[in-house]
Amino acid sequence: METNYQYHIFSPYRVCPLGAHVDHQHGLVTGFAINKGVDLWFNVRKDSMVRLHSETFEGEVEIDLAKRTEMREKHWGDYVRGAKYAMKKRFDLAYGMEGVVKGSLPVGGLSSSAAVLVAYVMAMAKANGITLTPFEVVQIASEAEREYIGLNNGILDQACIALGRKEGLLFLDCDSNEYRVIGRHSHMPDFEIGIFFSGLTRNLVNSDYNLRVYECKTAAWNMLAYHEQPLKSFEKTFLRDIPKETFDKTRDMMPTRFARRAEHFYSEYRRVRQGVTAWETGNLPLFGKLVFDSCESSIRNYECGSPELISLYNIMRPLQGIYGGRFSGAGFKGAVIALVDPAYKDGIEHKLTEAYLEEYPEYSESFKVFWVKPDDGARFV
Ligand code: GLA
């Protein structure tokens, strides 16, 4: 059936080994696009209607791009409406599309939401003869998620999905928006990425995700206030704008919960810098250790991990053949990822499955292991 369509976009899922929960504070992040994701097949219509159905979720979506953006309905169609909202802020959209969308892995932790948004933005641009740079796609898809869907996130997901490259690691500064892909060093050992789905699915808008963002901003506000610095509006306040020395001087003065969120930010900044050097020099064991440390900080300082994800992390940390691993994405539910020496894949899968299901037998049907590789960003196939 998919072959009946003129266009096909593949929009990959993403994995973020280092730089977790810092994009919204304008920190430094790293990531990969992977060789699993969302496929969108479509034909351009002669009118402004969009008609899509999903092979993953129930129901159809029918919207008119010429009309005002509709309210959210808590349905997968919200992502189509979100893309329309963000595109219409910039462009007139005269032509719609009809097609089908399909995800290749269970939803949770790999940013399927950003992957579909990127695909819809690219498709609406194609239908209307609009040329977008990959970074414009990142910005539009990210506005759709922040302003329409209501998640106060940064641009990590969309950046990995649109800018990731098969041959290397994406390194992005979420303050200056400068990015580069760092190729693999010739001495770097081979690796694959393991994705271990806890069995929990999630919806970030209903998690503590937004709360954590406000806690980070509150820590930043506290630091500015202690130093008699002018305050900016909450929306324009970011930890990145406050030097680490200020944090060192003020951390004991603020409630410990806020200090812990800031501690995660500053320590993650250091880990990303060290990680980039490790990657550049082909030192995968050091890179992997920093990924483990990042997860440790997510648990202790950022306090984001469900018991299931923390258990998966604890089981995998001592396993032979894992360079490093952490919660994927926000880490409230979803998946844990790991960079793995391919020679150890089977043993890791076996031990992890056995130990996890012994603790959580209720997930015996839904717990899943997948092996993936870095891939190029979203594209027409
Ligand atoms: C989610 C958000 C991203 C980022 C990660 C955590 O995936 O959408 O913006 O904050 O969590 O690193």
Side-chain angles (χ1 to χ4, degrees), residues 11-34 37-38 78-79 82 86 105 107-118 138-164 169-175 177 179 195 200-217 238-240 261 264-265 267-269 271-272 275 290-291 293-299 301-306 309 313 325-337:
S11 186
Y13 299 131
R14 68 93 189 87
V15 157
C16 165
L18 276 176
H21 284 292
V22 295
D23 57 343
H24 49 73
Q25 296 308 302
H26 289 186
L28 304 176
V29 301
T30 68
F32 302 109
I34 60 171
V38 170
D78 285 348
Y79 292 91
L105 291 182
V107 172
L110 299 175
S111 209
S112 49
S113 52
V116 288
L117 279 169
V118 163
V138 172
Q139 286 172 312
I140 298 170
S142 147
E143 259 172 48
E145 187 153 28
R146 243 190 344 271
E147 296 174 17
Y148 186 81
I149 303 293
L151 186 68
N152 281 318
N153 60 353
I155 60 169
L156 165 76
D157 305 336
Q158 298 81 4
C160 295
I161 289 163
L163 311 172
L169 176 76
L170 176 75
F171 171 43
L172 165 73
D173 183 332
C174 298
D175 192 35
N177 288 342
Y179 64 89
I195 299 189
L200 287 168
T201 50
R202 57 159 207 163
N203 175 352
L204 280 189
V205 179
N206 298 328
S207 71
D208 279 347
Y209 185 93
N210 283 346
L211 201 63
R212 291 286 180 281
V213 175
Y214 298 137
E215 289 172 341
C216 290
K217 286 173 178 285
F238 304 101
L239 283 170
R240 180 66 180 277
R261 308 305 180 242
H264 175 74
F265 178 85
S267 62
E268 194 72 349
Y269 185 88
R271 281 185 291 271
V272 172
L290 291 162
V291 178
D293 292 349
S294 165
C295 193
E296 202 77 42
S297 176
S298 293
I299 298 170
N301 297 318
Y302 209 77
E303 293 178 278
C304 68
S306 58
L309 290 192
Y313 164 77
R326 56 158 296 113
F327 309 149
S328 182
F332 288 101
K333 293 177 188 166
V336 166
I337 57 109

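All of these numbers come straight from a predicted model, not from anything done at the bench. Any value given below was found using the heavy atoms of this structure, including those in side chains, with hydrogens, waters and symmetry copies removed. Indexing begins at 1, ligand by ligand and atom by atom, following the structure's order.
Taking the six-membered ring where the residue is Trp, Phe327 and Tyr313 present perpendicular rings, their angle passing 60° and hence far from 30°.
Residues Glu143 and Arg146 are not paired through a salt bridge, judged by the lack of any N-O separation under 4.0 Å between the basic side chain and the carboxylate. A salt bridge does not link Arg326 with Glu296: none of the charged nitrogens is closer than 4.0 Å to a carboxylate oxygen.
The six-membered or imidazole ring of Tyr209 lies near that of His24, with a centre-to-centre distance under 6.0 Å.
Residue Tyr209 has at least one heavy-atom neighbour below 4.0 Å for each of these atoms of ligand 1: 1 (C), 2 (C), 3 (C), 4 (C), 9 (O), 10 (O), 11 (O).
For ligand 1, the polar-atom distance check finds no N/O of Ser111 at less than 3.5 Å from any of the ligand's N/O atoms. Where the criterion is an N or O separation shorter than 3.5 Å, residue side chain and backbone included, His24 fails it with respect to ligand 1.
The proximity of Arg14 to ligand 1, defined as any non-hydrogen pair under 4.0 Å, is limited to the side chain.
Looking at Leu156, Asp23, Val213, Asn152, it is Asp23 that brings a heavy atom closest to atom 9 (O) of ligand 1.
Between the side chains of Gln158 and Glu145, a donor-acceptor pair is found at a separation under 3.5 Å.
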